[in-house]
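Values below: every heavy atom of this structure, side chains too, minus hydrogens, waters and symmetry copies. Numbers restart at 1 for each chain; the letters A, B, ... are given by sequence-line order, proteins then strands.
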Amino acid sequence: MKIAVIAKAEINNPKTYTVHKNKVTYHPENLFLSEEDKSVLEYAVQLVELKGGTIDVYTFEEGEVADRVLHEALALGADTATKIEAGDLNDPLQQNYLACKYMHFLKEQEKNYDLLLTGGTAISEATAVIAQKLGMTYYDHITMIDTSFNFEMKLEKGKITGKCKLPAVVSTLNAINVPRLADFVALSNALASNITSVSFKGQHKHMKSVVNVVNGKKEKIIFNLNDDPQATQKLVDALKQNGILR
Amino acid sequence: MTPIYYIQFEDKNIDEGNSISTLAGIKNNFSGKKEAIVFSNHANEVKNKYAQSGIKTTIYQNNHYELIDFADVLSKLKELFVNKKEYLVVLDNDNLGDSFGSRLAALLGTVFVADAQKFSEDNQVIVDKNIGETQAFRRIPLEKKAIITIACNGVLKKENSEINIIDWKIKNKENSTYIPEENSTNDLAYAKIIVAGGKGLGSAESFKPLKKLSGKLNASVGASKAVTDQGWVNSKRMIGISNLTVSPDVYYAFGISGAVQHTIGMNKSKCIVAVNTDKSAPIFKLADYGIVGDANLVIEQLNNLL
């Protein structure tokens with residue numbers, strides 16, 4: 001089986017961005033391979049152990065984060081690691097463009113993957129675009145997938161179950177298993193392994209989103225009906241003003 | 001103003017993807033021209049709901065439609081939007097909405113923003129999206145064509161609207177199955193707005209005005225364990241460690257002190273509004289809004305005001 005994994009850092013970590021007054025600081029030193037991606041890598045390793053094949057890992061992360069994420073992936077069982085320097089895949093305004101470029105890259109390289117995996121749904125548009133352009137079936141919000149490709153997709157009040165049609169792009173909702181830990185030999189070998197860098201030609205010409213600061217700490221709004229007979233009216237006004245009640 | 005299209009799913013066997021509360025929220029939050037697009041297998045039964053929404057609605061009807069028929073719905077939506085010069089497609093902020101939104105965006109080659117938090121729409125629609133659990137967010141200026149999922153609630157005032165029912169052909173039946181969760185028939189477990197009562201309401205009779213308020217807010221009624229133990233409310237409606245854990249957009253707590261056995265079941269609510277006579281009650285530590293006062297009186301006043 002030919003398997004590709006798009007690996008990402010744990011962007012949801014509250015330590016990724018810190019805020020002081022109105023300044024946002026980005027902390028790449030706090031970013032490691034996300035738990036969801038470790039989990040899909042473990043699934044890929046299980047498939048390769050069972051059916052044979054290779055695992056190629058790609059990341060759109062930048063600089064030291066990309067190196068760290070890819071080294072972790074290599075230590076966990078990936079065969080090759082590729083860093084793609086093209087833009088921010090977490091930016092919804094860039095996802096479509098980056099996915100198209102990535103899809104062309106895979107076609108040029110004649111990769112023909114059976115399975116493209118990614119953990120978490122933060123880059124859902126990108127994975128949907130890749131699946132659509134490569135003619136692969138797309139499965140998202142997956143909470144269970146086994147080595148026979150039976151899957152469960154989580155909805156609000158239930159789940160959709162079925163069997164994946166390969167080739168497929170699978171995006172998991174959360175960790176689908178408990179990944180094995182990398183041993184010291186694997187970590188040491190991974191650090192010595194080669195990471196390929198690829199940059200896409202041309203620049204993204206469209207708008208980019210801006211990372212900003214959530215305005216201040218929310219203040220409680222508590223009225224006292226004993227002191228103020230208009231308290232209920234004031235509560236309704238406050239809820240309407242802040243969009244809680246329309 | 002960018003026209004807004006809200007997508008809904010009405011499968012009589014699967015209760016997902018149709019939130020009247022979100023429909024009301026969209027009506028009240030967005031100023032542009034609005035239209036609801038509904039995929040249904042029982043249009044005649046649901047048409048009245050949309051006919052009173054005040055939003056023009058087109059229902060695509062096929063008796064054999066099922067919620068899991070993603071490919072046919074996407075194909076129809078592509079056909080509807082591919083030649084439009086400007087649109088903002090809005091879906092519910094849940095897994096189904098995310099899934100459809102990303103797939104449709106891929107088909108149409110447009111921007112998709114999942115879990116948009118705030119928006120403004122003067123000359124251009126701008127949405128904010130929180131970055132995980134950090135104190136930062138992305139401000140995203142949208143182009144003329146975009147798809148978002150958003151959580152917005154509202155109270156629908158009855159207003160007549162135009163309804164079109166169009167027969168629609170299904171070609172690709174999906175080879176998958178929907179399995180409901182154990183709690184899927186309990187509206188409280190998945191409610192976006194909850195009004196919950198505690199022992200502070202004093203009697204089973206006090207829950208009648210609370211139920212009236214729930215109707216005005218499109219909310220589900222919940223209760224603390226003290227209330228269900230007394231038999232004032234069915235035990236299935238108990239919120240807390242012994243029964244349901246809920247995470248609605250808005251949680252109204254009336255006469256609930258906020259014992260940890262209860263709050264563990266509701267502390268993930270996005271916004272908590274508490275009413276209690278005791279200003280030192282633990283519920284006020286969680287609350288975003290509140291009133292120190294008699295819960296029964298506040299419920300009566302809210303029923304008059306809304």
Side-chain angles (χ1 to χ4, degrees), chain A residues 11-19 24 90-93 95-96 99 121-122 124-125 127-129 131-133 138 140-141 152-163 173 206-207 209-214 218 220-226 231-233 235-236 238-239 243-246, chain B residues 14-16 24-25 28-29 68 94-96 98-99 102-103 105-107 109-114 129-141 143 153-155 174-181 184 190 250 271 273 279 284 287-294 297-298 301-302 305-306:
Chain A
I11 195 77
N12 285 347
N13 185 336
K15 292 176 185 167
T16 311
Y17 290 93
T18 56
V19 171
V24 182
N90 291 311
D91 181 351
L93 297 182
Q95 283 182 354
N96 200 329
T121 55
S124 52
E125 190 193 356
T127 44
V129 171
Q132 199 250 325
K133 303 270 185 195
Y138 181 49
D140 58 348
H141 295 85
E152 288 181 6
M153 174 190 179
K154 174 89 176 74
L155 298 184
E156 293 306 294
K157 301 180 186 178
K159 60 191 175 190
I160 294 174
T161 63
K163 190 160 186 160
L173 182 63
H206 298 290
M207 291 177 289
S209 65
V210 180
V211 176
N212 220 323
V213 184
V214 173
K218 263 199 306 187
K220 287 177 185 290
I221 300 176
I222 310 288
F223 302 99
N224 193 324
L225 193 61
N226 303 319
T232 309
Q233 178 68 60
L235 174 71
V236 169
L239 292 174
I244 310 296
L245 187 68
R246 298 269 180 181
Chain B
I14 303 175
D15 184 21
E16 299 241 17
N28 301 331
N29 279 286
I68 55 176
D94 55 22
N95 291 354
L96 186 67
D98 280 357
S99 189
S102 60
R103 288 159 198 253
L107 277 174
T110 57
V111 168
F112 172 60
V113 181
K129 178 183 170 73
N130 289 346
I131 302 177
E133 294 167 18
T134 69
Q135 283 291 301
F137 67 88
R138 281 183 189 278
R139 176 145 292 168
I140 306 161
E143 291 161 3
N153 296 302
V155 182
E174 300 282 343
N175 189 21
S176 49
T177 313
Y178 178 85
I179 301 171
E181 279 186 2
S184 62
Y190 306 96
V250 193
C271 174
V273 183
K279 68 178 177 186
F284 285 118
D288 303 291
Y289 300 87
I291 292 181
V292 178
D294 179 20
L297 179 60
V298 173
Q301 290 176 340
L302 284 173
L305 285 168
L306 296 174

Quiz item: Under a 4.5 Å heavy-atom cut-off, does chain B meet the side chain of A:Asn226, its backbone, both or neither?
Solution: both
Quiz item: Which one, B:Phe112, B:Phe284, B:Tyr190, leads in non-hydrogen pairs under 4.5 Å with chain A?
Solution: B:Tyr190
Exercise. Indicate yes or no for a side-chain donor-acceptor contact from B:Arg138 to the backbone of A:Pro92 under 3.5 Å, with no hydrogens or angles considered.
Key: no
Quiz item: Which residue out of B:Leu297, B:Leu305, B:Val113 racks up the most heavy-atom pairs below 4.5 Å with chain A?
Solution: B:Leu305
Exercise. Dump the intermediate steps for side-chain contact (heavy atoms from CB on, under 4.5 Å) on B:Val273 and B:Val250, then the final yes or no.
Key: CA-CA 7 Å; B:Val273 183; B:Val250 193; 4.3 Å; yes
Quiz item: How long is the span from the CD1 atom in B:Ile14 to the CD1 atom in B:Ile179, to the nearest 0.5 Å?
Solution: 10.5 Å
Quiz prompt | Proximity breakdown for B:Asp15 and chain A, heavy-atom pairs closer than 4.5 Å | solution = both
Self-check item: Heavy-atom contact with chain B under 4.5 Å, split by part of A:Glu152
Solution: neither
Practice problem: State, yes or no, whether a side-chain contact exists between B:Cys271 and B:Tyr289 at a heavy-atom distance under 4.5 Å. | Solution: yes
Quiz item: For the side chain of B:Lys129 and the backbone of B:Ile140, is there at least one donor-acceptor N/O pair under 3.5 Å apart?
Solution: no
Quiz item: In terms of heavy-atom pairs under 4.5 Å with chain B, which of A:Lys159, A:Lys163, A:Lys154, A:Lys133 leads?
Solution: A:Lys159
Quiz item: Which heavy-atom pair separates A:Met153 from B:Ser99 by the least distance, and what is that distance?
Solution: CE-OG, 3.4 Å
Quiz item: Which one of B:Thr110, B:Leu306, B:Asp294 has the most heavy-atom pairs closer than 4.5 Å to chain A?
Solution: B:Thr110
Self-check item: A:Leu235 portion near chain B, given a 4.5 angstrom heavy-atom threshold
Solution: side chain
Practice problem: State whether the side chain of A:Glu156 and the backbone N or O of B:Asp94 hold a donor-acceptor pair below 3.5 Å, judged by distance alone. | Solution: no
Exercise. Under 4.5 Å heavy-atom distance to chain A, tell me which part of B:Val111 shows up: side chain, backbone, both or neither.
Key: both
